[in-house]
Amino acid sequence: MASTDMVDKDVLVDIFTRADLIMQSDIKFRQMIGAGQLQIVYYPVRGQEVVSSAMMAAVNQDDYLVTIYRGLHDQLAKGIPSKELWAEFAGKMTGTCKGKGGPMHITHPATGVMVTTGIVGSGIPIANGLGLASQLEKDGKVTVCCFGDGATNIGAFHEGLNMAQIWKLPVIFLCQNNLYGEHTHMRDTTGSASIKQRGEGLGMRSVQVNGNDASAMYTAAKEAVDHARAGNGPTLIEAMTFRFHGHLLGDTSHYIPKEEMEQAKKDDPMPILRQQLLDLQISEADVAAIEAKNAAIIEEAAQFALDSDYPPGDEYRIDVLDVEIAA
Amino acid sequence: MASTDMVDKDVLVDIFTRADLIMQSDIKFRQMIGAGQLQIVYYPVRGQEVVSSAMMAAVNQDDYLVTIYRGLHDQLAKGIPSKELWAEFAGKMTGTCKGKGGPMHITHPATGVMVTTGIVGSGIPIANGLGLASQLEKDGKVTVCCFGDGATNIGAFHEGLNMAQIWKLPVIFLCQNNLYGEHTHMRDTTGSASIKQRGEGLGMRSVQVNGNDASAMYTAAKEAVDHARAGNGPTLIEAMTFRFHGHLLGDTSHYIPKEEMEQAKKDDPMPILRQQLLDLQISEADVAAIEAKNAAIIEEAAQFALDSDYPPGDEYRIDVLDVEIAA
Amino acid sequence: MSDTAEKPKDIMFAQALNMAMNKAMADDPKVILLGEDIADKEGGGVFKVTAGLSGTYGTDRVRSTPISEQAIVGAAVGAALVGYKPVAEIMLMNFITVAMDQIVNHAAKLRFMSGGQTSVPLTIRTTTGAGTGLGGQHSDMLEAWLAHVPGLKVVAASNPQDAYGLLYSSIMDDNPVIFIENTPGYFVKGPAPAADHTVPLGKASIPREGTDITLIGYGSAISRCHAAADKLAEDGISCEIVDLRTIAPFDEETVLKSVAKTKAAVVVHEAVRSFGTGAEISSRIHEELFSELRAPVGRVGSGYAPVPFSPAIEKAWMFSQDDIEREVHKILG
Amino acid sequence: MSDTAEKPKDIMFAQALNMAMNKAMADDPKVILLGEDIADKEGGGVFKVTAGLSGTYGTDRVRSTPISEQAIVGAAVGAALVGYKPVAEIMLMNFITVAMDQIVNHAAKLRFMSGGQTSVPLTIRTTTGAGTGLGGQHSDMLEAWLAHVPGLKVVAASNPQDAYGLLYSSIMDDNPVIFIENTPGYFVKGPAPAADHTVPLGKASIPREGTDITLIGYGSAISRCHAAADKLAEDGISCEIVDLRTIAPFDEETVLKSVAKTKAAVVVHEAVRSFGTGAEISSRIHEELFSELRAPVGRVGSGYAPVPFSPAIEKAWMFSQDDIEREVHKILG
Ligand SMILES: Cc1ncc(C[n+]2csc(CCOP(=O)(O)OP(=O)(O)O)c2C)c(N)n1
Ligand SMILES: Cc1ncc(C[n+]2csc(CCOP(=O)(O)OP(=O)(O)O)c2C)c(N)n1
Ligand SMILES: [Mg+2]
Ligand SMILES: [Mg+2]
């Protein structure tokens, strides 16, 4: 992994603003679920905030995103409105998807969040279709496709990366390598030494980066975006990161050696990034203001979600086809 | 592709004997179909004889083979009896599979021919299962899994190679790279420069070899077999070859540039191998005797196929489950 | 339809499909085609159904793909989400088994799971059918699977005119449509459609009226129904034929109206009879018309076995005109 | 079964499955397990169904795999061809969509296509079921697809005892078996099986006898059928319940015998009603008992939509005890 100079102050602030919203949202979700205020299956994102914040800081809101069940950080970083997001997590009619999709299927085309899938690896072929549309349309958009290390073992990964490569599609494959797929360590499932190696095997421009280092991650992201927008095709970014709260809430991470978890928490990207801002002479007050603003957004969103109504039962007949299904 | 010294005379004779049987069988099939004596969809193997003959000369009859619709050369090289094979192609009750499988689904466990599949890439995961059984059983067997260049674009290839690699399964993945998948050239479908590169991307021991050179192919095969038998795991062999008669009989190869086909035919492995035998002081008479013996085997087999009876209609109720299905 | 003699203006089924795609591509620049070997450089499709289209519309819009069915359908889903109308060719229906995730978990569900924010107006063309000597892995009729998936439309045409109208409607439809073709049927001829000929999805047709019994089918079953009806007419039995055209959701109104008139029915398909689409159609008829029926609704389908290779077994296994006649005689006593 | 109060010897459904695999592995060294996270190092399965087995039998025989469902099923198929009895776990049923080729084109067909030279005695365990708040891609009931595939057996248990007996039989069966579990049902308790308790494949049970109507179901439907039967008993309606246990090929004899007695029937399943397995069962009953039936066979299933996330819509969409009662009242007038 090449080390990189630190990126511009403005960019770092932007990344921090997104990342802090993610971190606080994750904490709040876990609190509310713990308190019984929300009853949902939740895939924590604490630890992976910087990867997606830096990535999304490098694209525009009308660029496309395809992500997975563990997608809260990607969606928030992409700019999805918190109120509708929270309402969807809570299954309310005011949610992005009227409560029909839920946390695993967040969609919000207005901010480019096109697909969230619960099937490992399946977003990859779909991302190609968005990229194909952009290529045909010549609209200059790029598609960011997020998935985990475990997903690189499934067939769709292989087929999708190859197709993107031969057609030079403007897609960035962002593998957020947190070393575990559910409870299984990457070394037990992956014949190659890295995910980058797999990308190279497919002939694709591939980079490995410390995803928890905002500057390194942003630089890798920006290069991939520029490469794609210039019509030079896709990039596989293997962003090294870690998840602090298990595969889903309730998972005790029993399969992660204690030392590994301790080391990862010592390397927590959030305090590091915060300190970087302070080091750049951004005042504690300014940083706190960002945090306070994010906290307010989340409070409002959580309340909105709780206050909103559930969809009526017969909503299930709507949006199956383009016409309503008879009762 | 590393050049290799010529292998032992005996081995070359063995390879030639298998390859000539394949070549003559292919010619005879095409003749009989052309003459209306057989009405089947046929995938010609002319041009690829040496690849499988050299591969199968490096394994034992009780080693396993998994192959594809274009599998006649593999099956014959593995030692399947010609009579039952021909009868199966003709859909007769005396065929290996009582006429139920047909050319695309040849099975003959007695000679290790375990699966022939018509679904591109799908033999790969199954070969792993045979390898897994051998690994558990410690029976020292290897499994040879044949497929084409086009098959390396499908998900099962990726999943299968990775699983074989992490479990160090005794499987040899023999990619017979004839440069075309149906009518599409490899360069239009494959993001990597070679198939070998894909194997390397998956962390697998991978070699590229001129499959039409009997000595080079045998050496690569033998090394892979020894490697697997020693418990060191799988190898991907990319064997460069060509097919002279299109994807299936009737295909005019219109998509192959004339010069490419001409060059390939100039490099026809069969006359080259034959000349190698003569150069090694094997007499013309001895070579002719091998050819005559093969011709006799084929004549007998073809006649047996023609003379045999079709299965009775209600055979379809047998072998669906372990018990007969009621009419 | 039962008259297969070639008339001056007759065209092959495959040609009608080609014409429909040609019209759709001319009418709407958002129509694109994806599939293995479909461009002219690769022969315009292994059955030449897409021949000439890449010449007219370019290989940007008519793309030969790697052998990657998940990637093919996925690319079509993604492009459909942002306004394209992709037509993905899955060469043979058995190969949808490697792409079921994209079809079922994604194409069929994204509209619903997004609360209607997105839609997936894609068409998947695929061909299949026994009688071609391709054996167990190249001939399966799997429409029952797809009919069971909410959010998918499933379509099959029985003649060139319908093929033209239905494929055009499928491409223009805002829902994902699985369009099932019949391999041996590609070469069957029938009257050519007018350029502006349309057939709406969801509407069955009645190509033959009758009074004694209704034969209900689609695709490859219809020519056998006609042949059986001709034969049964000699015994004085008058058959009405309902060609579903859209298998799911199917046109219950037309089916029930016909059976309410004839008071007897046989559902016919090439797919394996057991747990096939005929079961749903039969059940719906019983549920709605039980007391009016003269006898239980009959079903004709293929046997409980993979498609056998050898012609003699394949024939014994496969649904046939004889089976239809036998079933009608059984029902009418 | 309707009595869910815990008794001293009651065990959870998931535990019964674990016991069955334990016994099979002890009895036969050829039984091996493959699946994601199934070994103890990874927690013994995400629902802990395989907990402890890798400890007892080693990780050679109980293998955690990559997320590669095609490779998992393929490896099981290959090992089965040469004498192993693999149990492959596909974590959730929706994920069979990426492995349908191995299941349908290979596991189901290799015996037939080889003319009986080989067989594929594998078991695929998979779980599913709505009511868990997992939304559209983690709850589908897809048994109708598999039932339509000749060569596959499809099994679902409704209580721990049957789960034990049926899973053991499935593993030892010489045919490929799809064994469908119910996610919310894992934690339901019931009487523990005796160690030598067996349940043959292909045989339905009658857990409740009755005279007025037969309720036919399997898996998650059975507890609802019992609850509905209890309720209907208060209105003086006596329900007989047939638990299919093996969905395909199903036990026609038991079904037809029961309905011949009660002269009325409702088929119940959690799967989408339209083109579901209920259609086949309903059709078979009509075909065989038409003139004896008091009314057409009823069907209860879930609505025509992907599984909705929000609890209120999920509930409205899903089959229910109420639906069964309503259908019974409709039929019995
Ligand atoms: C095809 C498929 N198989 C299995 C699963 C179950 N599953 C959900 S998440 C997951 C682990 C994925 O790991 P990774 O790709 O590394 O992503 P992470 O959860 O670590 O972000 C698995 C196995 C699934 N959703 N889809
Ligand atoms: C999953 C799947 N997709 C498509 C096909 C149709 N098909 C049969 S052979 C073939 C080409 C395979 O090419 P390659 O792997 O190079 O093998 P070759 O025929 O050259 O020996 C294709 C596309 C298939 N059988 N299975
Ligand atoms: Mg991971
Ligand atoms: Mg090839």
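Lettering follows sequence order; numbering is per chain, from 1. As the structure is a computational prediction, the values presented were derived from the model and not from experiment.
At a 4.5 Å heavy-atom cutoff, the contact between C:Asp60 and chain A is made by backbone and side-chain atoms alike. For A:His158, no part lies near chain C; criterion is any non-hydrogen pair under 4.5 Å. Contact annotation for A:Ile318: only backbone heavy atoms (N, CA, C, O) come within less than 4.5 Å of a heavy atom of chain C. For C:Pro249, the part lying under 4.5 angstrom from a heavy atom of chain A is the side chain only. For A:Leu136, the parts sitting under 4.5 Å from any heavy atom of chain C are the backbone and the side chain alike. For A:Val66, no part lies near chain C; criterion is any non-hydrogen pair under 4.5 Å. With a 4.5 angstrom heavy-atom cutoff, C:Lys109 does not touch chain A via any of its atoms. Interface residue C:Leu81: backbone and side-chain heavy atoms are both found under 4.5 Å from chain A. At a 4.5 Å heavy-atom cutoff, the contact between C:Leu34 and chain A is made by side-chain atoms alone. Residue A:Leu132 touches chain C through its side chain alone, counting heavy-atom pairs closer than 4.5 Å.
Among A:Lys100, A:Lys98, A:Glu88, the residue with the largest count of heavy-atom pairs under 4.5 Å with chain C is A:Lys100. Of the listed residues A:Asp322, A:Val115, A:Leu130, A:Ile325, the one with more heavy-atom pairs under 4.5 angstrom with chain C than any other is A:Asp322. In terms of heavy-atom pairs under 4.5 angstrom with chain C, the leader among A:Gly101, A:Gly95, A:Ser122 is A:Ser122. Per-residue counts of heavy-atom pairs under 4.5 Å with chain A were compared for C:Val82, C:Thr118, C:Val98; the largest is that of C:Val82. Note: C:Asp101 leads C:Ile67, C:Asp101, C:Val73 in heavy-atom pairs under 4.5 Å with chain A.
When every heavy atom of C:His106 is checked against every heavy atom of A:Thr117, the shortest pair comes out as NE2-OG1, 2.6 Å. Closest approach of C:Phe112 and A:Glu315 over heavy atoms only: CE1-O, 4.2 Å. Residues C:Ala71 and A:Pro125 come closest through the heavy atom pair CA-CB, 4.0 Å. Between A:Cys97 and C:Met113 the shortest heavy-atom distance is CB-O, 3.2 Å. Contact record, C:Ala79 with A:Ala133: CA-CB, 4.4 Å, taken as the closest heavy-atom pair. In this structure, A:Ile166 and C:Pro66 approach most closely via the heavy-atom pair CD1-CG, 3.4 Å.
By the 4.5 Å heavy-atom criterion applied to side chains, A:His105 and C:Ser114 are not counted as neighbours. Between A:Ile126 and C:Gln102 the shortest side-chain heavy-atom distance falls below 4.5 Å.
In the displayed structure, C:Glu253 atom CD is contacted under 6.0 Å by at most 12 heavy atoms of other residues, nucleotides or ligands.
Rounding to the nearest 0.5 Å places CD1 of A:Ile124 at 10.0 Å from CD of C:Gln70. Separation of atoms CG (A:Asn162) and OG (C:Ser68) is listed at 6.0 Å; rounding is to 0.5 Å. Separation of atoms CD (C:Gln117) and CE (A:Met114) is listed at 9.0 Å; rounding is to 0.5 Å.
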**Request:** Take A:Glu137 and C:Lys30, measure what side chain to side chain contact (heavy atoms under 4.5 Å, CB included) needs, and give me the verdict at the end.
**Result:** CA-CA 9 Å; A:Glu137 207 80 336; C:Lys30 296 286 187 178; 2.6 Å; yes
